Structure formats: C-alpha cells, structure tokens
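Position 1 is the first residue of the sequence, and the numbers go up from there. When a ligand or atom number is given, it counts from 1 through the structure's own listing order. Note that the coordinates shown come from a computational prediction; the quantities given were computed from them, not determined experimentally.
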Amino acid sequence: MKRIFCLITAAFLGLTPWIAGCAASNTPETSETYAMNTIITQTVYTDDSDILVQNNEILRRIEDEMSKTIADSDVARINAQSGEDVIVSDATAQVLADSIAAAKETGGAFNPALGTVISAWGFGTEDAQVPDAETLSALLKKTDYQNVSINGTRVNAGGTQIDLGGCVKGYALDRLAQNLNDAGVQSAILSVGGSLYAVGQKPDGAGYRIGIRDPEGTENDYMATMDLNGRFVSTSGTYERGFTEDGVYYYHLLDPQTGYPANSGITSVTVVCDNGFLSDAYSTALFVMGAEKGIAFAQAHGADVLYLTNDHHILTTEGFASKYALKITNDSYMAVS
Ligand code: ADP
Ligand code: MG
C-alpha cells in the first residue's frame, strides 16, 4: 500500500495535515478509510506493512463496540436496556468511566449521557430537525450522567442514553498512537475526523504542521497553521454536521443545560494536550463553556487552546503562538493577547 507521499489534499473535518513539500527519500505507509462517521487518514513511516492493517482492525473494533448506531454494539445494548445492567468490553467500560470523569471535571459541559437530546436533533442524518421545546425539556430530564453506574465491565445507563460522539475519535487516536509507539515508529501523522496526532519529522527533516480550519470557509480553507509534535489536537466547530431551518443555522455542539446548540460566541475551539481522549472531550466541553471559562479551564488542566470568536478574534492560552509556531494565514482573523 505504499504511495508517493506528496501533497495531501483530502478533506478532513476540521484539522488537516498541512504538508508543504514532497518527502524525497522515503515513502510511508498510508491509509484512508471511513469509520465512526468520519474520514480517517494515516501516514506512517515504517517498513512494517502490517502496522496499518493492525490500526484499521483497532478502529473497526472500537466502532463495533462504541457506535450507538450499530445494533449489537456495547453502547447500543446499554441504551436499549437503559436502567438495567449490561456487560461490556474492557475498552467500552474504560471509555465510559473516563467520559463520566470528564463530565465531572467539566461541570457537565461534556456530557456522555446526552443521547436522548442528541438523537432528537438527528444531526448528520436525513431526519435532522429542531425538536419542539416541550419534547426537549422532557428529554433533558433523562440526561443526568450521575445516574450512570460502572462496576468493572457492568454498566447501567440509569435511564439515560449514552452518546460517545464527542470523545471516541480522540480515544481511537490514543489507541492508534499507542500501537505505533509499541512498534517503535518515529514519524507519523494520523487524522480521525477533527482530531489529529503527529510525531517526529518527515524524511526531509521538517516537522509536521497542521491547518486550523476557517469555520466560515470550505473544508479545505485554513485560517492558520501550527506545529504538532507528539501531542494530540482536536477541533470542535460550528461547521460540522449543522443544518438550517427557517433561516436559522443549528449545529451539533449542544449545551447540556438547555438542549440547544451552545451559543457561546465562538465558531471553533482547538484543544492540544497529551491525550487524544481528553483533547476530544475537552474540545466539545470548551465549545460549550465559551472562551473565558474555557481558557481558565485549560490553563488549570494542562491543555492549550485556541478559540475563534464570531467576530474573528483569536483567543488562546498563554504562550500558544510561540509553543506551536502559530502562523495566521487568513488576516481577517486577529490575535488578541
Ligand atoms: P465531531 O468531530 O463529530 O465534530 P466533537 O468532538 O466536536 O465531534 O463532538 C460533537 C459530538 O459530540 C456531537 O455530534 C454529539 O454526538 C456529541 N455532543 C454534542 N454536544 C455534546 C456535549 N455537550 N457533551 C458531550 N457530547 C456532546
Ligand atoms: Mg470532542
């Protein structure tokens, strides 16, 4: 599956490997697949052609266990029998436990038990619609993550519906990165929807730079580029899975307090940290929190963030620009220090 590695132009959902030139002396293993409702691309410098086969098997298993739309997945079974105990895989139990911990940590801004409300909106499906207010307020009553119990691999959703869409892609990145690390891979870039991981340098010695999507542009438009080495980055933005009804645009990042799209004055938030699961869960939570609260949260939790506001301001945690060699490529966006 060797392919000449030159310019990657495939569309990604928020963050994109931004490769400036061709790698002259080496060709990587590459893969582009579709899973978990998103495009997954992998570029790995290795002589072991089995690594991407392993990685794609890891992805398939995660989807089979944690997708809520695959009928016999762990999450589908938990939801079908909400209020009863269900035995799940070790991996599902771990992701659920971590997602409940993230809910507590973010004061519920990230809520993996928001499934009833998310399904009512139907984002990304043909049935996408604005639920009526009465329906929403009834469904909101079934979203208390504190009712979810996890004992080992025994899970009870306590009347809620689980939706791991806000963290499972980041979790998948953790697992892929771990597999590469175990195999001694020194250079790779992986993209799972709006989450990315990159490590090392390309054969020409250059590090990996990625693009931060312009929320008002198309999927190939970036407003800035940044370095990424050995860390995980996730972006949550209004451009993903939205729809317009009666002239109003509704997007898939919901405020668990109201059940409506979080209206926090921002168009995207990009979160960098040492862990894919957390970068993803935090990106969803920090969108809901808005810039002021989100920057304080990130600073207290070892994450770096970059917000884009509705009025094109760029707000970041301290030192973001120099740490990641941020280069603003669309000058309608203005850094505010
Ligand atoms: P994506 O890469 O799909 O854009 P995000 O990390 O931005 O993913 O998370 C959005 C997804 O998370 C939604 O499609 C929905 O499934 C779920 N979601 C929406 N709002 C919340 C929330 N407040 N807490 C947890 N999950 C959420
Ligand atoms: Mg997320």
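- Those atoms of ligand 1 that come under 4.0 Å of a heavy atom in S236, given as number and element, are 5 (P), 6 (O), 7 (O).
- Every atom of ligand 1 is numbered from 1 in the order shown, and the set under 4.0 Å from a heavy atom of I118 is 15 (C), 16 (O), 17 (C), 18 (N).
- Taking 2.8 Å as the criterion, G194 does not count as a coordinating residue of the Mg ion (ligand 2), since none of its N, O or S atoms falls below it.
- V192 and V269 end up in the same hydrophobic cluster when Ile, Leu, Val, Met, Phe, Trp and Tyr side chains are linked at under 4.5 Å.
- Here is the list of ligand 1 atoms found below 4.0 Å of a heavy atom in D280: 6 (O).
- Residue contacts with ligand 1, taken as heavy atom pairs separated by less than 4.0 Å, involve E240 solely via side-chain atoms from C-beta onward.
- Aromatic ring orientation, Y251 versus Y249: tilted (interplanar angle from 30° to 60°).
- Annotation: L254 places an N or O atom under 3.5 Å from an N or O atom of ligand 1; distance criterion only.
- Considering backbone and side-chain N/O atoms, L253 never comes within less than 3.5 Å of an N/O atom of ligand 1.
- Listed by number with element, the atoms of ligand 1 under 4.0 angstrom from any heavy atom of R241 are 3 (O).
- When each of F277, F232, Y208, Y171 is checked for a ring-ring contact (aromatic ring centres under 6.0 Å, His included) with Y197, only F232 meets the rule.
- Note on L139: it does not cluster hydrophobically with V75, by side-chain heavy-atom contacts below 4.5 Å among ILVMFWY residues.
- Of the listed options K169, Q257, K68, K169 places a heavy atom closest to atom 1 (P) of ligand 1.
- Ion pairing between a basic and an acidic side chain is recognised when a charged N comes within 4.0 Å of a carboxylate O; D274 and R231 show such pairing.
- At a 4.0 Å heavy-atom cut-off, ligand 1 touches L114 through the side chain alone.
- Each of the following atoms of ligand 1 lies closer than 4.0 Å to a heavy atom of G166: 6 (O), 9 (O), 11 (C), 12 (O), 17 (C).
- The pair D74-R77 meets the salt-bridge criterion, since a charged nitrogen lies less than 4.0 angstrom from a carboxylate oxygen.
- Under a 4.0 Å heavy-atom criterion, G193 is not in contact with ligand 1.
- Of all the atoms in ligand 1, the ones that sit under 4.0 Å from a non-hydrogen atom of P256 are 23 (N).
- Counting non-hydrogen atoms of other residues, nucleotides and ligands closer than 6.0 Å to CG of D182 gives a total above 12.
- Using 4.0 Å as the threshold, F110 has a heavy atom nearer than that to some atom of ligand 1.
- Near D163, meaning under 4.0 Å from one of its heavy atoms, ligand 1 places the atoms 16 (O).
- The local environment of CD in E57 is crowded, with over 12 non-hydrogen atoms from other residues, nucleotides or ligands closer than 6.0 Å.
- The environment of CD in Q81 is crowded: more than 12 heavy-atom neighbours from other residues, nucleotides or ligands sit within 6.0 Å.
- Within the structure, ligand 1 has A109 among the residues with a heavy atom less than 4.0 angstrom away.
- Donor-acceptor pairing under 3.5 Å is lacking for the side chains of T125 and D127.
- Classified by interplanar angle (parallel below 30°, tilted 30° to 60°, perpendicular above 60°), the ring pair H301/Y282 is perpendicular.
- With the Mg ion (ligand 2) as the vertex, OG1 (T284) and OD1 (D280) define an angle of 160°, rounded to 10°.
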